[in-house]
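Below you'll find the structure, written out as structure tokens, and then a few comments.
Convention: sequence-line order gives letters A, B, ...; per-chain numbering from 1.
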2 protein chains.
Amino acid sequence: MNLSATEEQLMNFIWEKGTAFMKDILETYPEPKPATTTIATLLKRLTDKGALGFKTYGNSREYFPLYSKSEYFSGKVNHLIKNFFNDSPSQFASFFTKETNLSKEQLESLKSIIEDQIKSKKL
Amino acid sequence: MNLSATEEQLMNFIWEKGTAFMKDILETYPEPKPATTTIATLLKRLTDKGALGFKTYGNSREYFPLYSKSEYFSGKVNHLIKNFFNDSPSQFASFFTKETNLSKEQLESLKSIIEDQIKSKKL
DNA sequence: TTATTTATTCTACATTTGTAGAACAAACTC
DNA sequence: GAGTTTGTTCTACAAATGTAGAATAAATAA
């Protein structure tokens, strides 16, 4: 469940797209594109560590995630809060809203998301 | 400005404490404690990469951070949002409030933090 | 059906990360 | 002042990471 920086980037593309072939992946990289074998290595490592599965079609494979982006980032954010924000989600939230320089509109929309969450807790 | 996992942990201690000597650092690690030289290596690497400074006292040094915890995590969170949450802080916030399982009280307190931020934007 | 393209595996190698021994010097203990 | 402790530098080494060549096999284009 732990990904390196380049693996994370590759996973993100597959998470967004749902499934992907080598071909699709290569397309997303800007020039100078990495060697095909570089991507192949990453895909193999991700498969070995249980992050990706695949379905074979002829000489190529359709890769798909074995866990979701939410599951992954949930772990990451929780780790962050636990280890660096005193195990306090509110402390983190407060830090976050200050540091990300949200516009008034974004803050308003965030406020209503939170109001919804509060409502759903009441049920 | 980029720290590895163990470096991050060490920095966090120094951020919390303000400044620290080797001695203080070693104390924080649970048994089995790492070798002194292990910590020394980390301190040297952090010094080399501009994360720590120090003041010499006899044979030892008082280390201090050259940038704050906020600065560091601000970078991290912004990177996270930019690369994995579609450059949308609200998207991230929404994800965050759902995934961290905040209590009603925490949500209420978060709401008031946001209301304060909204107010301060109005000025 | 032969040449070309595409995807995969295997091997390789430099860099970064995690961990620590050897050697040494300053400081503290008797 | 000799022995022990503490902190540093230098060296080392395994594992993880980023990157890719060589070889090969399947698919495709001419």
Side-chain angles (χ1 to χ4, degrees), chain A residues 1-14 17 19-66 72 75-76 79-80 83-84, chain B residues 1-14 17 19-66 72 75-76 79-80 83-84:
Chain A
M1 196 78 167
N2 214 31
L3 306 175
S4 78
T6 40
E7 287 170 348
E8 218 173 53
Q9 193 192 349
L10 178 43
M11 282 302 285
N12 195 45
F13 171 67
I14 304 180
K17 190 153 179 320
T19 69
F21 290 90
M22 168 60 82
K23 174 178 128 48
D24 307 314
I25 296 168
L26 269 174
E27 272 170 18
T28 64
Y29 287 85
E31 297 297 347
K33 289 185 190 301
T36 310
T37 51
T38 299
I39 305 301
T41 301
L42 292 175
L43 289 170
K44 181 149 204 347
R45 287 178 186 165
L46 286 166
T47 304
D48 288 347
K49 61 164 79 169
L52 290 178
F54 58 82
K55 206 181 147 190
T56 304
Y57 289 94
N59 75 330
S60 66
R61 300 166 173 181
E62 183 174 38
Y63 293 91
F64 53 85
L66 292 182
Y72 176 69
K76 271 196 89 92
H79 174 270
L80 189 69
N83 292 287
F84 301 103
Chain B
M1 196 77 169
N2 214 30
L3 306 175
S4 78
T6 41
E7 288 171 348
E8 218 173 53
Q9 194 191 347
L10 178 43
M11 283 301 286
N12 194 45
F13 171 67
I14 303 179
K17 190 153 179 318
T19 69
F21 289 90
M22 168 62 81
K23 171 180 130 48
D24 308 314
I25 296 168
L26 269 174
E27 272 170 16
T28 63
Y29 287 85
E31 298 297 344
K33 289 186 189 302
T36 310
T37 50
T38 299
I39 305 301
T41 300
L42 292 175
L43 289 170
K44 182 150 203 346
R45 288 179 185 164
L46 286 167
T47 304
D48 288 347
K49 60 165 80 167
L52 290 178
F54 59 82
K55 207 181 147 190
T56 304
Y57 288 94
N59 75 328
S60 66
R61 301 167 173 180
E62 183 175 38
Y63 293 91
F64 53 85
L66 293 181
Y72 176 69
K76 272 196 90 95
H79 174 269
L80 189 69
N83 293 287
F84 302 103

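Not counting sequence neighbours, the partners of Thr19(B) by the side-chain hydrogen bond (donor to acceptor under 3.5 Å, both in side chains) test are Glu62(B). The salt bridge (charged side-chain N to carboxylate O under 4.0 Å, His left out) search around Lys23(A) returns Glu27(A), not counting sequence neighbours. Applying the ring-ring contact (aromatic ring centres under 6.0 Å, His included) criterion to Phe13(A), with sequence neighbours excluded, gives no partner residue. Checked against salt bridge (charged side-chain N to carboxylate O under 4.0 Å, His left out), Lys17(B) has the following partners two or more places apart in sequence or in another chain: Asp24(B). Legend: residues meeting side-chain hydrogen bond (donor to acceptor under 3.5 Å, both in side chains) with Asn83(A), ordered by chain and number and at least two apart, are His79(A). Residues passing the ring-ring contact (aromatic ring centres under 6.0 Å, His included) test with Tyr29(B): none are found, sequence neighbours excluded.
Phe21(B) CZ to Ile14(B) CD1: the interatomic distance, rounded to the nearest 0.5 Å, is 11.5 Å. The OG atom of Ser4(B) sits 9.5 Å away from the CD atom of Gln9(B) when rounded to the nearest 0.5 Å. For the atom pair CZ of Phe54(A) and CG of Leu46(A), the computed distance is 12.5 Å after rounding to the nearest 0.5 Å.
Remark: C1' of dG7(D) and CZ of Phe54(B) are 12 Å apart, rounded to the nearest angstrom.
From one end of the helix from dT1(C)-dA30(D) to dC30(C)-dG1(D) to the other, with five pairs defining each end axis, the axis direction shifts by 10° (rounded to 10°).
Legend: side-chain hydrogen bond (donor to acceptor under 3.5 Å, both in side chains) pairs involving residues 49-58 of chain A, not counting sequence neighbours, sorted by first then second residue: Glu7(A)-Lys49(A), Lys55(A)-Tyr57(A). Within the structure, every pair that satisfies the salt bridge (Lys or Arg N to Asp or Glu O under 4.0 Å) test and touches residues 31-44 of chain B, not counting sequence neighbours, is listed here: Lys44(B)-Asp48(B).
With a cutoff of under 4.0 Å to any heavy atom of chain A, the contacted region of DNA chain C is bounded 5' to 3' by dT6(C) to dT9(C).
When heavy atoms are screened at a 4.0 angstrom cut-off, Tyr63(B) is found touching the sugar-phosphate backbone but no base atom.
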field: B/S/- contact track for nucleotides 25-30 of chain D, protein heavy atom under 4.0 Å
entry: -BS---

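The side-chain heavy atoms of Leu10(B) and Leu43(B), taken from C-beta on, include a pair separated by under 4.5 Å. Between Met22(A) and Leu26(A), some side-chain heavy-atom pair lies under the 4.5 Å cut-off.
DNA chain C is contacted by Thr36(A), Thr37(A), Ala40(A) of residues 27-51 of chain A, taking any non-hydrogen atom closer than 4.0 Å.
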